Amino acid sequence: MAVNYEILAIGENINIMSKVIGPAIKERNAKPVQKMTEDLIEAGCDILDLNLGPARKAGDEMMAWLVKTVQEVDPRVGDEIPLALDTTNTEAVKAGLKVVRNPEVTFINSISAQKESLNTRMPLVKEYNCRFVALLLSEEGIPRDVNERGACAADIYNKALELGIPENKMYIDPIVLPVSVDLNQVIAFLEFLPLIPDFAPGASSTCGLSNVSNGTPTELRPKLNGPYQAIHMVLGIETSIIDGYDKAMMDLVKGKKKNLVDLAGRFLAHELDEEKFPNVAMYIEANTDYKNQPKIDPSSLEGEELEYYKSFLVLTGKVLYSHSWLEMSV
Amino acid sequence: MAFAIPKENYAGKVREIVIGKGDKAVKIGGYDSMPLCTFEGTWPNKPVVAMEVYDVAPELNAQGWPPATFEAFKDVINDPGAWAKKCLEYGADLICVQLAGTDPNAQNKSAEEAIEVVKKVKEAVGDIPLIIWGSNNLEKDQEVLPAIMEAFPNENWLFGPAEEGNYKKITASAIGYGHLVAGKSSIDVNLAKQLNILIENLGLSLDKVVMDPTTASLGYGIEYTYSVMERISLAALAQNDDKMQNPFINDLAKEAWKTREAMLTVEEEPTYGEQNTRGILMESITAIDLIAAGSSILIMRNPTAVKVIKELINELYS
């Protein structure tokens, strides 16, 4: 792995929780769903997440309808533009896999290290030869640190190998948590990313990025999401579940903002406490050239780069987060 | 080789805050180590005790005050001035005028009535600095506290709590009439920082700000208060975060004395033991925990609890 200036964008917007699209899905109103699908393809999303949440009531019917509805928009949807079936209702996942154009590129989002998830969902991966997001969640809940993330990843990885599922079907999601809730988790995510090749050789990586800014005022959320993404790209993430309507984010993941990715690289190389970030430090040293590039001089930055720098400070715990973090002087 | 105590080096220092004026002014803060870790730095100002005087007389009953505290004040309970004097006899460093009676859900006392109470207290205690504490009703506090500030300009007293929902009016009046503000945030390190930034952005220097992290009693969530105070202190001292370098105030007596353990009689709960001792212990131990968490101002009620805590502070910070 090395710095990824371009990664695959999984659009998160088709979501039953959304005020715009949620009612349309419930009422089986195809128009708004199809409009959003067009928008997301137009924006450059490579994969579309179809999030039905728990979908306890008639989830299978709803997912089958949703897959068919988005596939009507464009013959590439469900194949060249794969779908991610995102619900905790396993019957709904099955129903989606049955009607999707190409199950082999389709994702089950997600399979966790919880027994029931491993036992009921992993066989579906085998049956349909599809892909899946490995969500690092165990019976005990969200892992507290890097080691517990590793244990979860190993459990899922071993279960997949046991069933003869190829490693490259697995996309590890180390779980992003909000910076305003627990900074240590934001850091633990960064420390875990470089370890994925060790814990799960051959597997890929992804995450639900936008959660990092949950609790932050809506208009400021992109100001945290972008910088966190840039750091992930330096650390070799390969896909990310993101807001397809965030134009700046789409530019970033499509390689149009290399300067911001490099800014993240220089920040990680020169400004982190190596005791707190041993894995990140080792990764930067072994896989990138940022150590040889100059340290950032904040007084030389302006506009977007200055905002990114301020956000790097709060995302790595150098400065305590508050809603006014962008107004602080550096 | 002799044993050397491992020491933490802190990058930051908490602001020294002055409440009141003249010889009787009280200084807090100014420390550059975590609480009780005076081998790593200095705490030039000991934590202080502010004793409560209420604007309406409490009652001796199951909804009001238990005997342990009521007896200590029963002669002065209808006279805020005499009550405040008694507090000074009991060792109070400052007086905290509790305006619980202004709460619209209680007696809904007016700002004018509150001013009268403050006036009596001021006349009784002279230059001893006052803390004026609202009823925790956002709307009413932003009406009453500014009115008192205006009636007693430039006394440099501490007014609180100012929360995200009402800090603007309270802070603006503090700037205009020369007082200090206690900003209250709900057990959250990020929100605490945000409130300090908002208050400073309005134009009040952080040299005039004390932080109320929201106080819980022993047995009712004090570990959350402890934890957030520790995190704020680490941000202030270890990370040198200049928006977090303000001392703490803890409004603890109300919390300790409304617990089951303080309120239930022996008849109601025989296994709990003698009621007076119980309540005093609840207040004392809550206060001790908050000293360990780094409190600079403890708002307290019972004279015996105050005596215990004052002795403890003198031993810990001598």
Side-chain angles (χ1 to χ4, degrees), chain A residues 144-145 176-190 210-221 223-225 227-228 267-268 270-277 298-299 306-307 309-330, chain B residues 6 8-15 34 162-165 167-168 171 183-206 209 211-214 223-224 227-246 248 294:
Chain A
R144 283 167 295 186
D145 56 20
V176 171
L177 288 164
V179 69
S180 62
V181 170
D182 189 353
L183 175 74
N184 289 325
Q185 287 280 17
V186 175
I187 293 173
F189 182 102
L190 300 181
S210 310
N211 201 31
V212 75
S213 61
N214 218 332
T216 297
T218 312
E219 68 280 10
L220 291 174
R221 293 188 62 173
K223 307 283 185 187
L224 278 179
N225 296 349
Y228 202 43
F267 182 87
L268 297 181
H270 294 291
E271 304 205 25
L272 293 188
D273 178 356
E274 292 194 10
E275 268 177 42
K276 219 169 154 190
F277 290 88
S299 68
L306 182 58
E307 288 185 346
Y309 181 78
K310 288 178 178 179
S311 298
F312 294 152
L313 291 172
V314 298
L315 289 167
T316 56
K318 302 264 292 179
V319 169
L320 187 68
Y321 172 82
S322 76
H323 295 336
S324 301
W325 87 98
L326 286 177
E327 294 163 32
M328 299 291 98
S329 51
V330 289
Chain B
E8 201 70 47
N9 273 319
Y10 297 109
K13 184 179 174 184
V14 167
R15 294 179 175 84
M34 291 295 278
E163 303 186 49
E164 202 185 336
Y167 77 95
K168 284 185 185 163
T171 303
K184 181 181 180 186
S185 50
S186 48
I187 316 239
D188 182 298
V189 63
N190 305 114
L191 294 178
K193 178 170 178 176
Q194 180 68 7
L195 185 57
N196 277 359
I197 293 170
L198 293 173
I199 288 173
E200 190 185 34
N201 285 352
L202 266 191
L204 186 64
S205 157
L206 285 182
V209 176
M211 299 171 84
D212 172 1
T214 298
E223 54 274 34
Y224 294 96
S227 163
V228 80
M229 288 170 72
E230 184 179 49
R231 288 186 64 193
I232 291 172
S233 300
L234 284 171
L237 300 171
Q239 287 193 303
N240 197 15
D241 188 325
D242 77 328
K243 304 301 174 201
M244 295 299 256
Q245 291 166 335
N246 287 69
F248 297 111

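Order of the sequence lines fixes the chain letters, A, B, ..., with proteins taken first and strands second; residue numbering starts at 1 for each chain. Keep in mind it's a predicted model, so treat the numbers as computed, not measured.
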Under 4.5 Å heavy-atom distance to chain A, tell me which part of B/L195 shows up: side chain, backbone, both or neither.
-> neither
Other residues, nucleotides, ligands: >12 heavy atoms within 6.0 Å of B/E223 CD = yes
For the atom pair CG (B/D188) and OG (A/S180), what is the distance rounded to the nearest 0.5 Å?
-> 7.5 Å
Might you confirm whether atom NZ of A/K223 has over 12 heavy atoms from other residues, nucleotides or ligands at distances under 6.0 Å?
-> no
B/N201, part contacting chain A, at a heavy-atom distance under 4.5 Å = side chain
Atom pair CH2 (A/W325) and CD (B/Q194), whose distance is rounded to the nearest 0.5 Å = 10.0 Å
Does atom CD of B/E164 have more than 12 heavy-atom neighbours from other groups under 6.0 Å away?
-> no
Do any of residues 316-323 of chain A come closer than 4.5 Å to chain B, heavy atom to heavy atom, and if so which ones, in number order?
-> A/G317, A/K318, A/V319, A/L320, A/Y321, A/S322, A/H323
Count the heavy atoms belonging to other residues, nucleotides or ligands that lie under 6.0 Å from CD of A/E219, then report whether that count exceeds 12.
-> yes
Just checking heavy atoms, which of residues 228-242 of chain B are less than 4.5 Å from chain A?
-> B/A235, B/Q239, B/D241
